[in-house]
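This is the structure, below, for whatever I ask next.
Within every chain, numbering begins at 1; the chains are lettered A, B, ... in the order of the sequence lines, protein sequences first and strands thereafter.
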2 protein chains.
Amino acid sequence: MAVTMNDVARAAGVSLKTVSNVLNDYEFIRPATKQRVQDAIAELGYEANLTARSLRSGKSKMLGLVLSDLSAPYYAELASRLMKAASRRGYRVLVEQSDAVADVELNALQGPFRQLTDGLLFTPLMIDADAIAARLGRKPLVLLGEHILDSRFDLVTMKNEEAAAALTARLLSGGRRRIAVIGAHSGESAGSAGLRLNGYRKALDQAGVPFDPALVAPCQWRRDNGAAAVAGLLEGGVEFDAVFGLNDALALGALHELLIRGVRVPREVAVAGFDDIDEARFASPSLTTVAPGMEEIAERSIGLLVDRIEGRETSGGGVQVEAGFLLQVRESAP
Amino acid sequence: MAVTMNDVARAAGVSLKTVSNVLNDYEFIRPATKQRVQDAIAELGYEANLTARSLRSGKSKMLGLVLSDLSAPYYAELASRLMKAASRRGYRVLVEQSDAVADVELNALQGPFRQLTDGLLFTPLMIDADAIAARLGRKPLVLLGEHILDSRFDLVTMKNEEAAAALTARLLSGGRRRIAVIGAHSGESAGSAGLRLNGYRKALDQAGVPFDPALVAPCQWRRDNGAAAVAGLLEGGVEFDAVFGLNDALALGALHELLIRGVRVPREVAVAGFDDIDEARFASPSLTTVAPGMEEIAERSIGLLVDRIEGRETSGGGVQVEAGFLLQVRESAP
DNA sequence: TTCCTGCCATACATCGTTGCAGACCCCAGC
DNA sequence: GCTGGGGTCTGCAACGATGTATGGCAGGAA
């Protein structure tokens with residue numbers, strides 16, 4: 001069996017509790033004793049049993065991350081950064097893929113997943129604020145993204161609306177007047193899709209360009225959907241001189257479909273996306289997009305969550321953080 | 001506090017152990033008793049404390065996954081599939097990013113990470129078979145990828161050499177004679193880079209085409225490295241009519257650089273990759289590559305690991321699994 | 001009746017750690 | 001010499017579950 005505290009205690013000639021005290025940096029221990037214990041630990045190769053510690057202390061030093069699909073590039077990059085930020089603070093991240101299924105999201109909030117972790121980073125897609133509030137235990141929860149805007153919750157988000165507006169304005173100033181939007185989620189207003197669509201409309205208004213619903217293509221946020229959406233527009237005879245993909249995957253799918261069909265980008269149709277995933281820089285033509293300050297999002301959300309867990313952040317209402325953004329102008333929409 | 005078994009026992013009017021027995025499907029329980037316990041569980045909303053169970057039973061129902069970087073598309077897609085395969089068997093996956101740092105890899109093998117999990121899926125990059133063997137505890141370990149070929153370990157891999165040879169042969173049969181290879185790792189022979197390079201050389205031999213070391217560009221496996229490698233070849237005055245990126249990220253970086261410099265693909269230079277990440281299909285031109293049977297890899301490796309953990313697979317030596325592959329011929333190298 | 005066997009339920013110890021309360025020692029102050 | 005208090009260390013209980021051993025009760029065999 002593994003070496004336990006008891007073995008260390010025996011080897012060092014002290015009580016089990018003293019070993020515990022050394023490990024937990026208890027103040028009043030004679031340097032000599034401390035040294036003896038540490039020597040014994042080193043000699044026996046003792047490692048604390050995290051499960052037992054967890055049972056006793058009620059803390060697991062693990063954070064939960066709930067997102068729809070880790071294979072989506074944006075989430076993959078985000079998860080990677082979140083894990084590094086957590087690691088710097090002594091935490092691990094346990095990931096749960098919801099596949100955008102409501103039941104999975106609900107279970108993540110109250111089921112075993114919640115129990116295993118000290119706090120949750122949650123990207124709600126299918127459930128609303130009340131469903132979350134009803135299941136909100138005593139453990140900290142930080143929402144990621146913008147599906148829920150509710151002052152009850154901590155939230156780390158990005159300037160979706162402003163960024164989408166800025167990007168749209170950029171397309172407009174380049175002379176584009178019929179900008180197709182793909183990836184809208186009909187009926188949704190508070191989510192990323194809704195906010196970005198809002199930004200788009202505001203920029204149009206600002207420029208005095210009429211909004212044409214025919215230019216809006218609703219679909220999920222994957223490359224193949226982007227391609228299909230563009231195909232649909234072209235085959236439907238809808239005229240457009242630019243495509244705004246509500247995320248990069250969509251925009252890259254759209255770009256691919258346009259090129260296949262012999263549409264010249266950006267000459268005939270400009271293409272822009274949102275997220276600035278690594279892939280965007282290396283597309284051909286490279287993709288104009290919005291860089292949402294992912295590092296800031298990762299750092300702030302982990303920071304906030306850990307502060308809540310360790311009791312450094314105690315404000316009653318939700319803390320709302322909005323990360324900055326940067327327009328990345330590249331070849332697809334110069 | 002949370003509801004415990006004791007509360008359930010009291011509510012159902014049975015002993016704590018009987019509740020435990022109901023939960024663990026013990027055979028001899030009167031249906032009426034069982035029902036009473038289940039009612040109490042439902043009424044109180046009892047959920048088993050996984051930490052306590054874990055401490056007592058020594059099993060956590062978690063698998064560890066060690067890889068270099070979750071934001072690399074291949075690993076992201078693989079991790080996503082592994083997590084789903086694990087979930088089907090009642091396990092969760094805890095991911096550790098090694099950043100290809102030897103110390104992190106070593107710690108994952110014996111440190112707290114190992115302790116938290118019932119078994120490990122490990123992609124060794126910086127450490128060798130002996131280092132692994134020296135730290136191999138009693139918990140199951142399945143190696144992923146090919147850095148280590150050693151009959152002591154369970155290993156799930158792909159047909160790197162055959163696939164690379166098949167891809168190279170395809171380029172040769174298309175009339176390409178000077179095929180640049182990017183992403184080689186000098187001095188390495190057993191890793192993915194080494195094996196794929198081997199396959200390349202074998203195909204050349206087979207076709208009677210001489211091997212030219214000037215065509216081999218060593219670098220890490222990211223998009224920017226691929227771009228830089230191609231830039232280096234072009235600026236070094238090396239002539240080539242095809243580029244074989246040892247993974248897709250490299251190939252896509254290379255493709256981007258070629259197009260930027262006005263090289264026509266595939267007319268002047270064909271480009272091929274390895275991995276068939278989703279992005280490959282949507283590149284422009286779409287990328288010819290090798291689909292390594294990722295679903296098979298995910299399913300088999302999780303299956304093997306869980307079988308080891310649950311004692312269904314007990315063979316002494318290492319089980320070696322080699323997944324099939326498929327050539328995906330697309331526009332970049334028709 | 002007595003004993004045994006099969007079914008059902010229980011008590012107790014245990015996993016490895018931490019929180020709480022207290023024991024002990026030593027020195028300063030009265 | 002006694003008291004008080006700060007520093008140093010210890011013992012016991014507890015976290016919430018499971019394994020082992022065993023206790024009862026029914027019904028059938030002797």
Side-chain angles (χ1 to χ4, degrees), chain A residues 1-38 40-41 44-62 111-112 114-118 138-139 310-311, chain B residues 1-41 44-62 111-112 114-116 118 138-139 310-311:
Chain A
M1 288 295 110
V3 182
T4 75
M5 269 192 173
N6 233 319
D7 302 326
V8 175
R10 217 176 351 252
V14 296
S15 80
L16 184 153
K17 187 69 237 251
T18 298
V19 179
S20 170
N21 284 336
V22 170
L23 262 67
N24 293 285
D25 287 321
Y26 179 63
E27 198 177 353
F28 303 115
I29 305 179
R30 231 175 319 172
T33 311
K34 188 168 187 171
Q35 191 58 51
R36 218 148 21 99
V37 170
Q38 285 169 336
I41 287 176
L44 298 178
Y46 167 77
E47 287 193 351
N49 181 318
L50 299 183
T51 308
R53 176 175 289 176
S54 188
L55 173 61
R56 184 66 244 240
S57 70
K59 305 262 159 187
S60 66
K61 289 277 180 178
M62 288 209 285
R114 192 73 199 273
Q115 192 193 98
L116 284 169
T117 54
D118 293 343
R138 59 238 153 279
K139 288 188 184 172
E310 300 181 350
Chain B
M1 288 291 110
V3 182
T4 77
M5 268 194 173
N6 234 319
D7 303 326
V8 175
R10 216 174 354 252
V14 296
S15 81
L16 185 152
K17 188 71 234 255
T18 298
V19 178
S20 169
N21 285 336
V22 169
L23 262 68
N24 292 286
D25 287 322
Y26 179 65
E27 198 178 355
F28 303 117
I29 304 178
R30 228 175 317 175
T33 311
K34 188 168 186 170
Q35 190 58 51
R36 215 144 26 96
V37 170
Q38 284 169 336
D39 289 350
I41 287 176
L44 298 178
Y46 167 77
E47 288 191 352
N49 182 318
L50 300 182
T51 308
R53 178 175 288 174
S54 188
L55 175 61
R56 188 64 244 243
S57 70
K59 306 262 159 185
S60 65
K61 289 279 181 177
M62 289 210 284
R114 193 74 200 273
Q115 192 195 97
L116 284 170
D118 293 343
R138 59 239 154 277
K139 289 188 184 171
E310 300 180 352

Quick one: which residue pairs count as a salt bridge (Lys or Arg N to Asp or Glu O under 4.0 Å) with a foot in residues 21-37 of chain A, not counting sequence neighbours?
none

Output one letter per nucleotide in nucleotides 20-27 of chain C: B when a protein non-hydrogen atom lies under 4.0 Å from the base, S when only the sugar-phosphate is that close, - when neither is.
B-------

Does B:L16 reach a base, just sugar-phosphate, or nothing at all? Heavy atoms under 4.0 Å.
base

B:Q35 has an atom CD; how far is it from atom C1' of C:dC8, in whole Å?
17 Å

Only counting residues at least two apart or in another chain, list the ones meeting side-chain hydrogen bond (donor to acceptor under 3.5 Å, both in side chains) with A:N6.
none

So, using side-chain hydrogen bond (donor to acceptor under 3.5 Å, both in side chains) as the criterion, who are the partners of A:T18 when residues are at least two apart?
A:S15

For D:dC9, does OP1 or OP2 lie under 4.0 Å from any side-chain N or O of A:R30?
yes

From the options C:dA9, D:dG16, D:dG11, select the nucleotide whose nearest atom is closest to the side chain of B:I29.
C:dA9

Quick one: side-chain contact (heavy atoms from CB on, under 4.5 Å) partners of B:D7, sequence neighbours excluded?
B:V3, B:T4, B:R10, B:L44

Got a sec, which residues hit side-chain contact (heavy atoms from CB on, under 4.5 Å) with A:E310, two or more places apart in sequence or on another chain?
A:K61, A:Y91, A:V306, A:R312

Looking only at the side chain of A:T4 (C-beta and beyond, no hydrogens), which of the listed nucleotides D:dA17, D:dT8, C:dG16 gets closest?
C:dG16

Whole angstroms only, please: what is the CG-P distance between A:L23 and C:dG16?
15 Å

Residues forming a side-chain contact (heavy atoms from CB on, under 4.5 Å) with B:K59, sequence neighbours excluded
B:S57, B:D118, B:I309

Output the rounded distance in Å from NZ (A:K59) to C1' (D:dC15).
15 Å

Quickly work out the B:M5 CE to D:dC15 P distance and round it to whole Å.
15 Å

Mind checking what makes side-chain contact (heavy atoms from CB on, under 4.5 Å) contact with A:N49, not counting sequence neighbours?
A:T51, A:A52, B:L55, B:Q115

Residues that B:T33 engages under side-chain hydrogen bond (donor to acceptor under 3.5 Å, both in side chains), provided they are two or more places apart:
none

Rounded to the nearest 0.5 Å, what separates atom CG in A:L23 from atom CE in A:M5?
5.0 Å

Are A:S20 and C:dT18 close enough that a side-chain N or O sits under 4.0 Å from OP1 or OP2?
yes

How would you list, by chain and number, every residue that makes a side-chain hydrogen bond (donor to acceptor under 3.5 Å, both in side chains) with B:D39, sequence neighbours excluded?
B:Q35

Would you indicate, yes or no, if D:dT18 has its OP1 or OP2 atom less than 4.0 angstrom from a side-chain nitrogen or oxygen of B:N24?
yes

Contact check, residues 44-57 of chain B vs DNA chain C, heavy-atom distance under 4.0 Å, returns B:L55, B:R56

Please name the pair of heavy atoms, one in A:A40 and one in A:A11, separated by the smallest distance, quoted to 0.1 Å.
CB-CB, 4.1 Å

Euclidean distance, atom CZ of residue B:F28 to atom P of D:dA26 [Å, nearest integer]:
18 Å

Pairwise distance CE(A:M62) to CE(B:M62) - rounded to 0.5 angstrom
4.0 Å

Axis bend over the full length of the helix from C:dT1-D:dA30 to C:dC30-D:dG1, computed from five pairs that close each end, to 10 degrees:
70°

Using whole Å, report how far CG of A:L116 lies from P of D:dA17.
13 Å

